[in-house]
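Quick notes on the structure that follows.
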Amino acid sequence: MDSILSRLKQLTHDELREEIVKAGLKCGPITSTTRSIFEKKLAQALLEQQGALEEKGSALSEESAGNISSDSSQAETRKALKTTAVNHNSHGSISEEVDFGYCVGLNPPEEDAVIHRNGSAPVCGAVHAHSQISAQTPSRDPPLYYGVCPVYDDILARNERVHVYEDKKEALQAVKMIKGSRFKAFSNREDAEKFAKGICDYFPSPSKSSLCLSPVKIGSFNRDGLCSPDTETANKERANSYKSPRTQDLTAKLRKAVEKGDIATFSELIWSNPRYLIGSGDNPTVVHEGCRYNVMHVAAKENQPGICQLLLDTLENPEFMRLMYPDDNDLMLKKRIRYIVDLYLNTPDKMGFDTPLHFACKFGNLDVVNVLTSHPAIVKNPRNKYDQTPAEVVCERSKNKSAELKEKLREYLQGRYYVPLLRADDNSSAPVIGVPWSPDQTDDSPQTTLPTYTGSPKDPVLSIRAFAGPMSPSKAEEFRRLWKTPPRERAGFFHNVRKSDLERGVERVGRELAHELGFPWVEYWEFLGCFVDLSSQEGLRKLEEYLSHQEMSEKAQQETGENETCNRYKAPHPSGKSKKCCNSISVGAFLDEDDDDMSLEEIKNRQNAARNNSQPIASKEPSIDALGDSECDILSMEHAVNIIETSDHPRQYEKAVSSSKNGFCNPVASERIISDRKHLHDGEECLVSPVSNLMPEFERLSFQEQEVAGESNKITEKNENAGILAEGTSQVRIAKDQLDKTCFAVSLANSPEPSVTGKPGETKLRTENKIPSEMERPSVESGIQTNEARQCQESSSQKFLLMTSPTNDNSKKLFLLGEQPSKLDSDVLAAIEAAEIDPQKYPVVYKWKHAVESYSSSDRQSWPSPALKGRFKSQTTAAGLPNASVYSSPGRNSPVMGSPGKYSNAASFSPDLGSPGRYSPACVNHALLKLRYFSEPPAH
Amino acid sequence: MPQSQKFKDFVSEPMGNKTVTEVDGIDENLGSKLAAEGFDKAYILLGHFLLLKKDALIFQQWLKGTFGASSRQALQCATCLTEWCYTIL
């Protein structure tokens with residue numbers, strides 16, 4: 001090793017570098033200081049290359065090398081120690097009363113006193129380390145006395161002992177114990193005692209008085225080394241229990257999340273502690289020291305439009321601000337929100353005075369620019385250090401972006417304009433296609449943009465019913481022209497639409513045009529209570545939600561109409577899943593069944609009685625048998641148990657048995673019962689529209705499946721009931737999974753069932769098992785004697801298909817407004833015509849669409865339009881009605897809209913990026929309010 | 001001397017992982033020479049600049065002497081790093 005080292009020493013820098021590279025090592029710059037390290041590294045590597053041959057030698061040389069290095073390092077540490085010692089000494093001797101109390105036991109400089117216990121720890125640690133070092137130094141320095149002075153108030157009520165310590169550790173301990181105290185080192189004991197008593201040299205900190213003036217600036221106060229009770233009162237101003245995150249957390253965690261676009265982590269962080277976003281004085285937190293970037297800068301730079309949007313949404317969510325300021329009133333919160341949103345959008349960074357918009361433009365991040373420019377509070381032409389506006393720096397940092405993209409960026413920067421459609425609420429006057437509107441132009445004359453025709457009180461009140469956009473001003477103008485006078489070749493069609501459909505004709509024209517030209521389009525749907533483009537995924541989701549909800553309530557209503565047992569059902573409905581309710585429901589259902597459908601039931605009863613006899617010990621319940629079969633049986637098991645519990649009355653019990661055989665007695669979920677009952681009614685009356693509530697339907701089917709298996713099995717394991725109950729939930733999940741696969745099939749099967757149910761005997765069996773036979777085979781196979789059953793199922797399912805087709809079509813359908821088709825149905829159909837509907841994802845919409853399409857178009861045209869009266873009712877109740885909310889509470893910011901957990905869903909507009917309407921005319925109220933405040937000098 | 005775009009771009013952002021050629025005044029040619037000596041990233045060059053106690057003159061001499069940079073290049077580079085340090089450090 002020595003030889004190698006000495007050889008290497010002879011080399012020049014360049015030769016050495018070559019050697020290093022040859023040895024396969026990385027080579028940084030070789031300088032006088034780094035050279036020896038590189039030499040050693042290289043020597044090591046060379047040595048290893050030479051292999052084990054010179055093992056001995058290497059060991060020796062390594063030893064020597066180790067000695068050298070350790071020697072030098074020892075020397076260095078010694079030196080360092082000496083210097084610190086010297087420093088310390090001089091410190092102590094020159095100014096004997098050095099105030100070590102600075103920052104000790106006090107708040108960290110930045111934020112608030114709430115965290116002071118925590119915050120003191122690191123500082124103490126530092127001091128601690130320091131004291132350790134000094135402890136190592138020779139004990140030449142005179143002994144120091146540490147006086148600990150409690151806060152002033154405590155001194156007045158002072159009691160026993162004087163806090164003077166010789167050991168700094170003890171002193172620190174005491175400081176920690178006595179809240180808000182401070183300590184100081186003295187060379188003699190008397191001084192220390194005086195200090196500790198607060199007699200000499202106690203004067204209240206100068207900033208104490210200023211504290212009251214500026215409670216927000218506690219930071220400055222903290223530094224002077226006193227933590228008096230005043231801080232506590234000051235803290236009440238900002239009474240929340242969040243600690244300001246450490247700088248490391250801000251930069252490491254938050255910035256990482258933003259850079260990666262990790263929305264989940266980001267929102268988790270900021271919701272766990274709003275101070276991640278809101279720094280002192282309501283300023284944005286700095287997540288990149290040095291250049292002082294905030295989250296928005298980073299997100300804009302790293303092309304994270306999702307984060308940008310989420311950030312804006314979160315900041316504008318009053319719930320979020322409420323976390324930070326629980327005691328503020330709404331007005332104050334709104335001001336704060338405006339203030340911080342403005343800062344987030346428009347704060348320049350420290351380096352080039354670039355705003356987030358500059359960054360987004362520079363790097364050509366189109367989506368971010370879209371998000372930013374869509375916000376009304378954005379300043380579109382701030383100047384950076386080099387006096388450039390965002391438009392001037394477009395794609396400066398990413399030259400290889402296409403010209404098209406640049407064009408688009410510039411377009412976004414010009415402003416986002418919307419073309420609104422205004423209608424009178426009662427449709428008494430012709431609809432008006434409004435002039436292009438933009439959120440940030442409103443400050444000139446907010447009044448003229450919205451209700452353009454407010455000339456006299458007699459004039460109908462106009463409200464926005466639909467709008468296209470955002471788009472650039474020129475395009476908006478063009479779109480408006482096109483909308484008013486459609487292109488010649490299709491003018492006839494459009495005119496026809498417009499004239500024939502007074503209520504939604506203009507919308508239809510606009511919709512078609514917007515979709516053709518690729519502009520976002522939304523319109524107001526009363527039944528959904530919001531602006532949405534139904535052909536978008538968001539729209540379909542809403543429609544799906546609405547329809548399935550409709551379906552549920554529909555069923556519930558039918559139940560009420562039936563008989564008194566239904567009341568029993570209805571009451572528990574809201575609480576849905578609770579088993580107790582369900583039990584009673586199921587019993588009720590059976591009774592009901594009994595009353596209505598005696599003949600059928602009797603047949604079943606007889607059969608069941610027979611079956612029961614065959615398994616006397618076991619259970620009074622056939623479905624219990626199913627237990628042995630497979631995991632799926634647990635579900636049925638549970639139901640069985642429930643039934644046993646409920647059906648104490650013998651007759652009821654028999655009912656229960658019979659119905660359970662039919663699959664009617666699954667009491668787990670109330671929905672299921674609904675569907676069962678529904679089913680019943682179908683069988684009995686055939687005028688109820690069957691609703692494809694797939695989940696329950698499916699559950700039922702699988703349940704029946706198991707019963708069949710159980711029947712053939714004749715195994716009884718009643719003992720396990722209790723344990724199995726617990727598994728009910730997982731069962732439901734399983735059923736759900738399976739549901740995915742078969743949902744549509746089931747929904748088809750749903751309606752024909754009644755016809756089969758009417759038939760006695762095996763038919764029953766068939767009906768129920770048709771679906772399971774296809775998909776549940778594995779579980780069935782786990783049973784021992786299920787073959788028989790399966791065969792039965794299969795054959796029946798085949799038969800069944802034949803039967804199904806005719807009945808299927810004409811069975812009852814659900815429409816948007818009840819059972820009768822209305823014009824709304826055809827309107828909605830027209831709106832979603834273009835969209836591809838995925839039966840998996842939107843089963844109910846799919847079904848509805850089929851139902852509506854089964855009518856001829858002429859039929860559809862003759863459907864009555866929903867009564868105007870009804871329309872109004874729904875309008876006034878609808879939360880997001882544009883007109884109504886203009887001058888009342890701002891819809892977007894109302895607390896109802898957002899809950900912390902799922903704020904994105906709660907907003908009435910789709911959370912998708914670039915989705916229309918976020919700051920669109922629909923939110924004009926919001927924008928207006930905002931602008932109104934903006935015209936005032938910003939409150940600081 | 002009007003500031004070049006390259007200067008602005010470098011100075012207006014954190015250094016991050018930028019290559020040495022992104023420093024103002026360092027072209028591909030000079031950059032490859034620097035990289036050959038181990039100065040492949042801007043932060044390494046900055047490190048050396050700091051080692052020279054941010055002394056722009058000595059740094060320029062070092063650039064010229066070691067890598068054959070022109071006076072103009074050396075000046076640009078030194079200004080750039082000085083400016084960067086001024087804003088960020």
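Each chain gets a letter, A, B and so on, in the order its sequence line appears, and its residues count up from 1. Worth knowing before you read on, the calculation uses all heavy atoms, side chains too, and leaves out hydrogens, waters and symmetry mates.
Proximity of Pro14(B) to Lys301(A): side-chain heavy atoms (C-beta onward) are separated by under 4.5 Å at one or more points. Proximity of Glu13(B) to Lys362(A): side-chain heavy atoms (C-beta onward) are separated by under 4.5 Å at one or more points. Side-chain atoms of Thr87(B) and Cys291(A), non-hydrogen and from C-beta on, never get closer than 4.5 Å to each other.
For NZ of Lys18(B), the number of neighbouring non-hydrogen atoms (other residues, nucleotides, ligands) closer than 6.0 Å is greater than 12. Applying the 6.0 Å contact sphere to NZ of Lys53(B) captures no more than 12 heavy atoms from other residues, nucleotides or ligands. Counting heavy-atom neighbours within 6.0 Å of Glu404(A) CD, excluding the residue itself, gives a total of 12 or less. The local environment of CD in Gln248(A) is crowded, with over 12 non-hydrogen atoms from other residues, nucleotides or ligands closer than 6.0 Å.
Of the inter-residue distances, the one linking Ser12(B) atom OG with Tyr386(A) atom OH reads 6.0 Å to the nearest 0.5 angstrom. To the nearest 0.5 Å, atom NZ of residue Lys8(B) and atom CG of residue Asn384(A) are 8.0 Å apart.
Contact annotation for His288(A): only side-chain heavy atoms (C-beta onward) come within less than 4.5 Å of a heavy atom of chain B. With a 4.5 Å cut-off on non-hydrogen atoms, Tyr293(A) touches chain B through its side chain but not through its backbone. Contact of Asp14(A) with chain B is made through the side chain alone, with heavy-atom distances under 4.5 Å.
Taking Lys385(A), His13(A), Glu396(A) one by one and counting their heavy-atom pairs under 4.5 Å with chain B, the maximum is reached by Glu396(A).
With respect to Ile88(B), the side chain to side chain contact (heavy atoms under 4.5 Å, CB included) criterion is satisfied by exactly one of Lys350(A), Arg292(A), Glu289(A), Met351(A): Met351(A).
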